[in-house]
**Student:** 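Dumping the structure here so I can ask a few things about it.
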Amino acid sequence: MIDTLLNLINDAASGYAGPGILLPRAVVTVPPNPAQGDFTSGIAFALAPVLKQPPLEIAAAVAATLRDTAAGIVETIDVVKPGHINFLLRQSFWHDALDSVLEKGTGYGSSTAGSGRRVLLEYISANPTGPIHVGHGRGAVLGDVLARILVSQGYEVTREYYINDAGNQVLSLGYSVLNDYYRSRSIDIPLSRPGEYQGGYIRDISTALADTLPAADINEEHIRHITEFAVNHVLAGIRQVLGDFNILFDRWFSEKQLYEDGSVRRAIEGLAARGAVKQEDGATWFLSTRYGDEKDRVIQKQSGELTYFASDIAYHANKYGRGYDHLVNIWGADHHGYLPRVKAAMSALGYDPDRLAVMFVQMVRLTRGDKPVAMSKRAGEYVTLKDLVDEAGGDAVRFFFLQRSHESQLVFDIELAKKQSQENPVFYVQYAHARIASIFGFAATRGWTVDALMHRRDYVFSAQEKRLLSHCLLYPGLIGDIAARREPHRLTHYLIELVGILHKYYTDTRVVDSDAGTEQRLLLMKTVKIVLRNALDLLGITAPEKMEKLEEHPAR
RNA sequence: GCGCCCGUAGCUCAGUGGAUAGAGCGUCGGACUUCGAAUCCGCAGGUCAUGGGUUCAAAUCCCAUCGGGCGCUCCA
């Protein structure tokens with residue numbers, strides 16, 4: 001709907017700029033002050049450096065053209081101070097807008113901009129050595145919502161979880177369980193190495209083993225068995241927690257498999273074939289400095305053991321081999337230094353490193369009140385994602401995480417999250433949805449129904465109503481932008497803004513009244529409800545038709 | 001020391017070239033005999049870390065400095 005206006009602006013701008021001038025695509029926003037107009041365009045500012053002319057001059061010229069070409073939808077066009085072009089649109093435009101949203105319904109906001117391009121989105125990928133914690137949860141929400149948004153924009157998205165089920169970490173888990181198994185049976189047995197993990201889940205696993213181990217003579221086979229058992233146990237728990245949190249994957253990719261099917265060996269051979277490895281100090285090194293890394297990296301240790309980096313090369317090569325247009329990884333910010341070597345390896349293998357993008361999620365710092373929560377995975381002292389979701393609720397956790405840019409650290413006060421559960425912004429947004437549903441319920445008791453066929457184009461929208469509609473119209477462009485720039489957190493801020501306008505409108509205006517305008521206002525509410533519903537769906541948050549009142553807020 | 005992220009209201013954070021810099025929470029004061037008060041309105045609260053620079057225009061871009069976090073392993 002808004003595209004009509006954008007196209008007219010683009011045409012006017014390119015007409016003014018003349019042929020052969022590449023100009024930026026027009027964007028419109030809602031001006032800060034409603035008195036300034038329904039929409040505003042900064043196209044003159046974008047054009048100024050290209051044409052080397054003052055923005056005000058450009059704005060005047062573009063506006064002059066638009067007064068002719070856009071006369072069908074535009075009531076007035078104003079050019080203001082530095083170079084803003086402000087539009088006041090005709091009532092017919094708003095009626096078209098209303099129709100357009102109602103017609104698209106649940107599809108409003110989706111597009112085909114991705115045109116089927118294939119994206120592999122890898123996120124969380126927490127080691128299967130213990131329950132996933134809050135930091136993983138942040139990446140989980142980011143990945144899940146980004147996936148939903150990309151899908152809505154026509155991308156073909158594969159959601160993948162990489163399981164580090166090979167190597168020392170899981171072996172250490174195995175030993176931890178082994179130790180606990182014998183400790184719990186008061187059997188003294190000399191072990192070749194200590195376990196490193198603690199926490200209740202270790203006991204859960206050793207208990208689940210029942211009495212399957214001998215009282216003595218532990219051998220490698222037993223260790224392998226226990227490790228595999230423990231990994232499967234932990235992984236099942238992770239899947240369960242994520243599933244309950246409505247975070248699903250298309251594929252769980254096993255690192256171990258990369259060893260078993262020879263991928264890791266082939267990856268190293270591939271590097272060697274390109275002369276990108278060397279032997280030194282009894283180890284095998286990847287010459288990553290040749291590809292922009294700070295130093296060369298070991299892929300096979302003196303001991304003969306392969307490093308995690310070796311299998312990571314194989315894994316990423318595997319991803320490239322599957323023919324995706326974009327590979328997006330979500331990693332914890334502490335892995336930042338790891339990216340150059342991975343890209344280096346991909347370059348060495350002949351892949352385009354620019355197709356791989358990594359979003360680094362900054363840390364979540366937990367507090368209980370003023371007291372920081374000690375987080376030590378090895379000591380088993382940490383708040384799990386499950387704990388948090390159980391305490392604060394899945395909707396609130398999702399919303400909370402997505403109010404901040406993933407590039408900013410965030411402090412999560414668990415006590416506050418609990419205490420404020422009813423003040424949380426997510427309820428503010430959900431309440432708006434429930435409130436509209438409630439309006440429909442009340443309207444029904446007065447004999448009104450909500451049906452697009454009732455739309456009467458002679459209704460005159462008020463300034464507030466146009467304000468509501470204008471924000472609804474920004475929605476599709478916002479989602480497109482969020483997908484392109486991978487900034488899901490902007491969606492929560494949009495919702496808060498839209499809902500704020502709605503609540504104020506509700507306070508000021510009686511929707512269900514005795515006049516014929518009731519039907520039109522109900523349709524407007526329907527429009528807003530569609531946008532709320534669609535946006536909440538993308539966030540994976542429920543859009544309730546009705547909300548339970550809590551006891552602290554008794555009805556009056 | 002080097003790299004990345006951050007520094008915006010009392011607190012937690014949006015805003016990354018354009019109009020008087022915003023929200024939530026917290027303080028204080030108002031608004032329900034009528035569609036849900038989990039709401040709304042108002043007051044208070046800012047040298048956008050600091051100093052330079054680029055620009056018609058800088059919280060936003062560049063440089064330096066200060067402060068915080070993370071990383072700089074033949075760890076994962």
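Throughout, protein chains are lettered first and strands after them, A, B, ... in sequence-line order, and every chain is numbered starting at 1. Bear in mind that the values here come from a model prediction, so they are computed numbers and not experimental data. Atom set for the values below is all heavy atoms of this structure, side chains included, hydrogens, waters and symmetry mates excluded.
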**Student:** Looking only at side-chain atoms of Lys295(A), point me to the closest of rA76(B), rG36(B), rU73(B).
**Tutor:** rU73(B)
**Student:** For the side chain of Pro32(A), starting at C-beta, report the closest nucleotide among rA14(B), rC74(B), rA19(B).
**Tutor:** rA19(B)
**Student:** Look at all strands and tell whether Thr445(A) reaches a base, only sugar-phosphate, or nothing, counting heavy atoms closer than 4.0 Å.
**Tutor:** nothing
**Student:** Verify the contact: side-chain N or O of Lys301(A) to OP1 or OP2 of rC75(B), cut-off strictly under 4.0 Å; return yes or no.
**Tutor:** yes
**Student:** Can you tell me whether the base of rC32(B) sits syn or anti, using the 90° cut around 0 to define syn?
**Tutor:** syn
**Student:** With both distances under 3.5 angstrom, what nucleotide forms a Watson-Crick or G-U wobble pair with rG7(B)?
**Tutor:** rC66(B)
**Student:** Does His335(A) lie flat on the base of rA76(B), that is, centres under 5.5 Å apart and planes under 30° off?
**Tutor:** yes
**Student:** Looking at rA76(B), rG71(B), rA37(B), which one has an atom nearest to any side-chain atom of Tyr308(A)?
**Tutor:** rA76(B)
**Student:** Is the phosphate of rA37(B), meaning OP1 or OP2, less than 4.0 Å from a side-chain N or O of Tyr506(A)?
**Tutor:** yes
**Student:** What nucleotide, of rC4(B), rG36(B), rC5(B), holds the atom closest to the side chain of His336(A)?
**Tutor:** rC4(B)
**Student:** Would Arg290(A) and Asp296(A) pass as an ion pair if we require N to O under 4.0 Å?
**Tutor:** no
**Student:** On the nucleotide rC5(B), are OP1 or OP2 found under 4.0 Å from the side-chain N or O atoms that His406(A) carries?
**Tutor:** no
**Student:** Does Tyr428(A) put a side-chain nitrogen or oxygen below 4.0 Å from OP1 or OP2 of rC40(B)?
**Tutor:** yes
**Student:** Closer than 4.0 angstrom, basic N to acidic O: yes or no for Arg521(A) and Asp515(A)?
**Tutor:** yes
**Student:** Closer than 4.0 angstrom, basic N to acidic O: yes or no for Arg224(A) and Glu228(A)?
**Tutor:** no
**Student:** What nucleotide among rG36(B), rG24(B), rU12(B) has an atom nearest to a side-chain atom of Val411(A)?
**Tutor:** rU12(B)
**Student:** Salt-bridge test for Asp165(A) and Lys256(A): reply yes if a basic N is under 4.0 Å from a carboxylate O, no otherwise.
**Tutor:** no
**Student:** Below 4.0 angstrom, N of the basic side chain to O of the carboxylate: do Glu545(A) and Arg435(A) qualify?
**Tutor:** no
**Student:** Which part of the nucleic acid does Asp281(A) contact within heavy-atom distance under 4.0 Å: base, sugar-phosphate only, or nothing?
**Tutor:** base
**Student:** Quick one: which of rC13(B), rG36(B), rC74(B) gets closest to the side chain of Ser408(A)?
**Tutor:** rC13(B)
**Student:** In whole Å, what separates the P atom of rG17(B) from that of rG7(B)?
**Tutor:** 15 Å
**Student:** From the list rC74(B), rC35(B), rU39(B), which nucleotide is the closest neighbour of the side chain of Val511(A)?
**Tutor:** rC35(B)
**Student:** For Tyr494(A) and His471(A), take the angle between the two ring planes, folded into 0 to 90°, and tell me which bin it lands in: parallel under 30, tilted 30 to 60, perpendicular over 60.
**Tutor:** tilted
**Student:** Please report the distance separating the C1' of rU39(B) from the corresponding atom of rG52(B), rounded so that it comes out in whole Å.
**Tutor:** 48 Å
**Student:** OP1 or OP2 of rC70(B) sitting under 4.0 Å from any side-chain N/O of Arg365(A)?
**Tutor:** no
**Student:** Of the candidate nucleotides rC5(B), rA19(B), rG36(B), which contains the atom at the shortest distance from the side chain of Pro31(A)?
**Tutor:** rA19(B)
**Student:** Reckon Phe440(A) touches a base, only the sugar-phosphate, or nothing at all at heavy-atom distances under 4.0 Å?
**Tutor:** nothing
**Student:** Determine if His84(A) stacks with rA19(B); use a centre-to-centre distance below 5.5 Å and an interplanar angle below 30° as the criteria.
**Tutor:** yes
**Student:** Between rC5(B), rG36(B), rG18(B), which nucleotide gets closest to the side-chain atoms of Ile439(A)?
**Tutor:** rG36(B)
**Student:** May I ask you to evaluate whether Lys81(A) reaches the phosphate of rA57(B), defined as a side-chain N or O under 4.0 Å from OP1 or OP2?
**Tutor:** no
**Student:** Examine rG36(B): is either OP1 or OP2 under 4.0 Å from a nitrogen or oxygen in the side chain of Ser438(A)? Give yes or no.
**Tutor:** yes
**Student:** For the side chain of Gln409(A), starting at C-beta, report the closest nucleotide among rA14(B), rG68(B), rA19(B).
**Tutor:** rG68(B)
**Student:** Base, sugar-phosphate, or nothing: which does Asn424(A) touch, judged by heavy atoms less than 4.0 Å apart?
**Tutor:** nothing
